[in-house]
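What follows is a single structure, written as structure tokens, with notes after it.
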Amino acid sequence: MTAKQELAKAYEFKEVEEKWYTTWLRDKTFRATMEEGKPSFSIVIPPPNVTGVLHVGHALNNTLQDILVRYRRMQGHNTLWVPGTDHAGIATQNVVEKQLAAEGTSRHDIGRHKFVERIWQWREQSGGQIINQLKRLGCSCDWDRERFTMDEGLSRAVREVFTRLYREGLIYKGDYIINWCPRCHTALADLEVEHEPTDGKLYHIRYPFASGDGYLVVATTRPETMLGDTAVAVHPADERYNNLPEKAVILPLVDRKIPIVFDTHVEMEFGSGALKVTPAHDLNDFEIGRRHDLPAVKIMDDNGVMNEAAGAYAGLDRFACRKKVVADLEARGLLEKIEPLQHGVGHCYRCATVVEPTLSKQWFVSVKPLAEKAIQAVKSRRIRIHPASWENTFYDWMYNIRDWCISRQIWWGHQIPAWTCEECGELIVATENPTRCPKCEGSALRQETDVLDTWFSSALWPFSTLGWPDETPELTMFYPTSVLITSFDILFFWVARMMMMGLHFMGEIPFRDVYLHALVRDAQGQKMSKSKGNVLDPLELMDKYGTDALRFTMAAFAAQGRDIKLAEERIEGYRHFINKIWNAARFALMHLGEVDAGVAATVADRDDLSLPHRWILSRTDRAVTEVVPIGHGGGDACVHLAQMHEAEAGGVPFVTEEIWQVLPGERSSIMLEPFPEEHEGHLDEEAEKGVELLMGVITGLRNIRSEMQIHPSAAISSLILCPDADRARFIEEETETIKTMTRAESITVRRETERPKGAASYIHSDIEIFVPLAGLVDIDKETAKLDKEKEKAEAQLRKVEGKLGNEKFLANAPAEVVAKEREKQETLSATLAKIDANRQRLSDLKS
RNA sequence: AGGCGCGUAGCUCAGUGGGAGAGCGCUACACUGACACUGUAGAGGUCGGCGGUUCGACCCCGCCCGUGCCUACCA
């Protein structure tokens, strides 16, 4: 044995993983090269939240990225994988707020400055956790370039973008109905609101006409909002309301006279066809209010508690108020009925509190002009989305896009770079903190307290991480990035917004291919969540099965559709496979001298090599050439990832490095080696055909042993009937191999012969293999088996003959298909004849 | 309500118009000098249902059933 060291009997991943990752980090093996004249390949990581710990989705996402990165690195590209994390505004703030609550204090008690300081502290100590976990996963990121969405450089990019958009008129401040979370105390974007079907009640309330008798009935699920009603709307085509005595009603409890307006938004079929209009607390009502110039009365404060405008109800929580309003209406005989109703109720995606639509001053991005460019980029195929089925969803969303509310009333994030002059009221937007008002020279400037939506900074990720707004060499070399790999659930949150920002500020797409992978669910298809207790922790899985096994499992899921149901057994299976690679390597090392000779072999000395070596070289060559390069020219990253499983460049980095390093000679990391290429003369069809033939014969003999239940140690002899002269000679030359593999005592090869009586037979293409059954064989059982085989073959033959007897088939089917059917017919007939002969031999044996 | 998926072996999934596949599981047998994280062999499927197109359908089309997700929500 010429190996450098004795190899452990089983692959011990723990030591190997630790050893190599430490070495890679020490040697900075992942560092991006920036050499002239080489093609470049770059990926920016979807930055995980600093609050996060690694979950299986991350494992999938980052394994796929790492495979591409390692493959390109081996191909000699200037390869950069930018790692980093996201500050995740609301989520992170919530975590620290919970800590404060546990300490009996709150952010309001300690104040903004201290609170933000506290979050930074928390980020320092545990925010890097996920980075370490990515390292554990073997990710080959250029760690010297790690970025954070709130680091200095990125914050500069954020201010620059905000200022430019403001000057271009694409950012504005305005009144709008926003989704307000009374617990998080912040506005939520539409995307951040989750609608859950909830069993609620539909209250039918009588609104008396302003004069005379009678009333209109309106229906609502939120009766407390009536306190803020400023109109009742009916459909202009609704005949019931064409001839109203008066176009006003008295708002009960409040005793306010409010108009009846006509608006087509009202559904005539729903309830009574009359809709109460609360412009300050409902988006649709807000729009009706705008159309009819209605006032908006805000009746709640930021905590969801009724304010002075609610009159007698002021100070009540919104749900308590609801009860009281209903009770009061009932007492006055104004509640017509209450019906059960299931309807969607919006919840905060972070804390699940019922959101309250509220009128508020917020900052917005006018996204329509930006969206247009993104749509064009996808339509023109400059950006390709894989799988392409997502394109329609993408267009649908982009065409119907609404202005993006970017202000958040929280403290953790990029504070909006806008100031109001307290003296003249001038609004100043600037990249640097201003000291004087440019209009009145006043120095009392007050900065906006709101911060930006988290996605505002991550939208800039592909260029901000490369040094923008400076014109850095990195931007020149690595922008646009090559591929973006992410999960489809953030296609709109993140991917679309990166497209918009990249196109607008770089004048160039941010990435060429977007590969959307599936969502990992548990083995039952349920979404993984801590509350369900079905979370598979990737760290535990790596402890149990090794990183390579986990990664291989992830890679196998690359082409999966929308859901991945992860069963732990699958990972275990791949651990076995990794171990198989390991032991195959040990086996190879035992014969290293020969293998070395083989690797160096050329066509000239092919004859010196043994058949198995020629075969192995040929098969290896095939495996290499059949790997399809990823993302190359109009490539489809999705399909190509799926085709990677044969060679799996970079899919299993640890075991391959370990094996590579125990090979003789001094070696640098395998990941810096050129990716294997086709070897001149290795492809060897003769060897492949030969081995295939041998395998057929060996399988046949083993099969007979197994089928006839001949004890493995029992000696058998075999007669092989092979009509083809070359093949017959070949088998004869290889009889020793066959004997070894099958424990046969003797092998006789004939080109023609009488079929022996009392022998089992097996057919491999044109070859027939006989083993005389001298002794204990259950003849009846074997006969039954043969009958079953015969039945199958006959059924197939009937099918084939049916086709061949069909004139239309003969007329319409392509010639090669017909020929194939003819061939099939012959083979089947021959098989049937042989089965019959076998049966005959069995009965001969019996008598 | 609209949109997008999915339904193939016990389980998880491949399979883009001409002989139903893989892994795991299961059954039987074996070995212990690369490997029990093993080897060899085997059983197991009206490809959700009905209809259509075609010489021919797991594959294309229509309808139905079941199931999952996304978007918008009739207050």
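These numbers come from the heavy atoms of this one structure, side chains and all, not from hydrogens, waters or symmetry mates. We name chains A, B, ... by the order of the sequence lines, and we start the count at 1 in each one.
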- What integer number of Å spans the C1' atoms of rA30(B) and rC11(B)?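 Approximately 28 Å lies between the C1' atom of rA30(B) and that of rC11(B).
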Within the pair [X] and [N], is there a side-chain N or O less than 4.0 Å away from OP1 or OP2?
X: N703(A); N: rG42(B); result: yes
X: N812(A); N: rG18(B); result: no
X: K580(A); N: rC35(B); result: no
X: K803(A); N: rG56(B); result: no
X: N583(A); N: rA34(B); result: no

- Message: I want to confirm an ordering. Mapping N806(A) and E572(A) to their closest nucleotides on RNA chain B, which one lands closer to the 5' end?
- Response: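 In this pair, the answer is E572(A).
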- Task: Give A584(A) one of three labels, base, sugar-phosphate or nothing, depending on what nucleic acid heavy atoms sit under 4.0 Å from its own.
- Result: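 Base contact.
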- What nucleic acid atoms does A811(A) come within less than 4.0 Å of, heavy atoms only: base, sugar-phosphate, or nothing?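 Nothing, no heavy atom under 4.0 Å.
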- Message: Do the side chains of E336(A) and R206(A) get close enough for a salt bridge, i.e. N-O under 4.0 angstrom?
- Response: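 Yes.
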- Should rA41(B) form a Watson-Crick or G-U wobble pair with both distances under 3.5 Å, which nucleotide is its partner?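 Pair assignment: rA41(B) / rU27(B).
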- Query: What pairs with R222(A) under salt bridge (Lys or Arg N to Asp or Glu O under 4.0 Å), at least two apart in sequence or on another chain?
  - Reply: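 Result, salt bridge (Lys or Arg N to Asp or Glu O under 4.0 Å) vs R222(A): D282(A), E356(A).
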- Item | salt bridge (Lys or Arg N to Asp or Glu O under 4.0 Å) partners of K544(A), counting only residues at least two apart |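 Residues passing salt bridge (Lys or Arg N to Asp or Glu O under 4.0 Å) with K544(A): E568(A).
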- Message: Given rU40(B), rG18(B), rA75(B), identify the nucleotide with an atom nearest to the side chain of T221(A).
- Response: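 Per side-chain heavy atoms of T221(A), the pick is rA75(B).
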